[in-house]
Enquirer: 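Sharing a structure with you now.
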Amino acid sequence: MGGSNSKSPVLNLRGQLHGHKELKALCKKLEEDTVVESLCLALNSIGDEGIEYVSLMVERNRTIRELDLSDNFIDNKGAERLAKALSQNSAIKMINVEGNPMRPDSEKLIQEAVVGEEAAEKIIEQRVEEMHNPRPRAHPSKPSSAPAGEWKEAYDHARGVVEAMPIRGAMMSLTKDQRLEFEAYDLQISRGNAEDNQARPSISMPDAQYRWDLW
């Protein structure tokens, strides 16, 4: 994987991985990585099989400080495996496992390994309170969910991450014919006469973080 200083210390692959094969390859490369400090793997359907790859990476990596595994179908068994891995890692200081089908006591095992027993108790108390009084989770795409200063800080941070990445051609410009193809398709959609099985033009712009200099 290398240690080029041009790489971003933030790797956001939220919903970007396509199956356990990609997850396994990613985790293998991150085992010896010395650049990434904040890793987001949310919404990647990690499950029981995937958590084994993540746990092996956690046991060997010593650079990651923040790890987001939210909304990944990690159950109680997976939580125990992850907690065991975290007990062997003193580098990770924050972990997010919200939205996974695990009991509060299973999440407590995870949080204890990261922040200690007292802080873990407070996190679980808050989680139980949220279960009884659910409220929408804040989302970065909704500025109204956070104070103006906090939103600007998050925006500036995200912009800095993107600007720091070697995108390697991720930003592509469409040809005149491709633009016309898109415009014709969108016109059909607006008129309601596009066929259900009609494929949208296959040109797409890859996600910038997915183009992070990993492979």
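FYI, the numbering just counts along the sequence from 1. Below, each value reflects all heavy atoms present in this structure, side chains not excepted, and no hydrogens, waters or symmetry copies. Please read all numbers here as calculations on a predicted model, not as lab measurements.
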Enquirer: List the residues meeting side-chain hydrogen bond (donor to acceptor under 3.5 Å, both in side chains) with E52, not counting sequence neighbours, and say none if there are none.
Expert: R81
Enquirer: What's the shortest heavy-atom distance between A113 and L86, and which atoms?
Expert: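 So the two residues come closest at CB-CB, 3.7 Å.
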Enquirer: To which residues is I124 joined in a hydrophobic cluster, defined by side-chain heavy-atom contacts under 4.5 Å among Ile, Leu, Val, Met, Phe, Trp and Tyr, whether direct or through other members?
Expert: V128
Enquirer: Enumerate the residue pairs fulfilling side chain to side chain donor-acceptor pair (under 3.5 Å) with a member in residues 82-93, sequence neighbours excluded, ordered by first and then second residue.
Expert: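 Those involving residues 82-93 do not exist here.
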Enquirer: Which side-chain N or O atoms in residues 43-51 pair as donor and acceptor under 3.5 Å with protein atoms at least two apart or in another chain?
Expert:
| residue | atom | partner | partner atom | Å |
| --- | --- | --- | --- | --- |
| N44 | OD1 | Q16 | N | 3.2 |
| N44 | OD1 | L17 | N | 2.9 |
| N44 | ND2 | L13 | O | 2.9 |
| N44 | ND2 | L41 | O | 3.0 |
| N44 | ND2 | A42 | O | 3.2 |
| E49 | OE1 | H20 | ND1 | 3.2 |
| E49 | OE2 | Y53 | OH | 3.1 |

Enquirer: Is the closest side-chain heavy-atom distance between E37 and T63 below 4.5 Å?
Expert: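 SC-SC contact between E37 and T63 confirmed.
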Enquirer: Has D33 got a side-chain atom pairing as donor or acceptor with V35's backbone, closer than 3.5 angstrom?
Expert: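 Judged by distance alone, yes, a pair lies under 3.5 Å.
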Enquirer: With side-chain contact (heavy atoms from CB on, under 4.5 Å) as the criterion, how do L23 and V54 come out once you've worked through the C-alpha distance, each side chain's angles and the decisive distance to 0.1 Å?
Expert: CA-CA 8 Å; L23 176 65; V54 174; 4.2 Å; yes
Enquirer: Please list, chain by chain and in numerical order, all residues satisfying side-chain hydrogen bond (donor to acceptor under 3.5 Å, both in side chains) with S38, sequence neighbours excluded.
Expert: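 By the side-chain hydrogen bond (donor to acceptor under 3.5 Å, both in side chains) rule, S38 matches E66.
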Enquirer: Only counting residues at least two apart or in another chain, list the ones meeting salt bridge (Lys or Arg N to Asp or Glu O under 4.0 Å) with R65.
Expert: none
Enquirer: Report the distance from atom OG of S106 to atom NZ of K77, rounding to the nearest 0.5 Å.
Expert: 13.0 Å
Enquirer: With sequence neighbours excluded, what pairs up with R103 under the salt bridge (Lys or Arg N to Asp or Glu O under 4.0 Å) test?
Expert: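 R103 satisfies salt bridge (Lys or Arg N to Asp or Glu O under 4.0 Å) with D105 only.
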Enquirer: So, do E80 and L109 sit near enough that their side-chain heavy atoms are less than 4.5 Å apart?
Expert: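 A side-chain contact exists here, since the closest heavy-atom pair is under 4.5 Å.
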Enquirer: Once side chain to side chain contact (heavy atoms under 4.5 Å, CB included) is applied, do any residues pair with K28, and if so which ones, sequence neighbours excluded?
Expert: E31, R60
Enquirer: Would a distance-only check, ignoring hydrogens and angles, find a side-chain to backbone donor-acceptor pair under 3.5 Å from Q111 to E107?
Expert: no
Enquirer: Testing the basics here: between M57 and C27, what is the closest heavy-atom pair and its distance to 0.1 Å?
Expert: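 Distance-wise, the nearest heavy atoms are CG-O, 3.5 Å.
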Enquirer: Pick one: which of I64, L82, V58, V115 meets side chain to side chain contact (heavy atoms under 4.5 Å, CB included) with I95?
Expert: L82
Enquirer: In Å and rounded to the nearest 0.5 Å, what is the CD1 to CD distance from I123 to E118?
Expert: 11.5 Å
Enquirer: Go through the structure and list residues passing side-chain hydrogen bond (donor to acceptor under 3.5 Å, both in side chains) with K108, not counting sequence neighbours.
Expert: E121
Enquirer: Would you name the heavy atoms of V97 and N100 that are closest together and state the gap between them?
Expert: O-ND2, 3.0 Å
Enquirer: Answer yes or no: is there a side-chain heavy-atom contact under 4.5 Å between I74 and M102?
Expert: yes
Enquirer: Got L30 and V36 here, is their nearest side-chain heavy-atom distance under 4.5 Å?
Expert: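 Counting from C-beta outward, L30 and V36 do come under 4.5 Å.
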Enquirer: To the nearest 0.5 Å, what is the distance between CG on N12 and CG on L39?
Expert: 9.0 Å
Enquirer: Going by the rule side-chain hydrogen bond (donor to acceptor under 3.5 Å, both in side chains), which residues pair with E125 if we only count those two or more places apart in sequence or in a different chain?
Expert: none
Enquirer: If we ignore hydrogens and angles and just use 3.5 Å, is the side chain of N96 paired with the main-chain N or O of D68 as donor and acceptor?
Expert: no
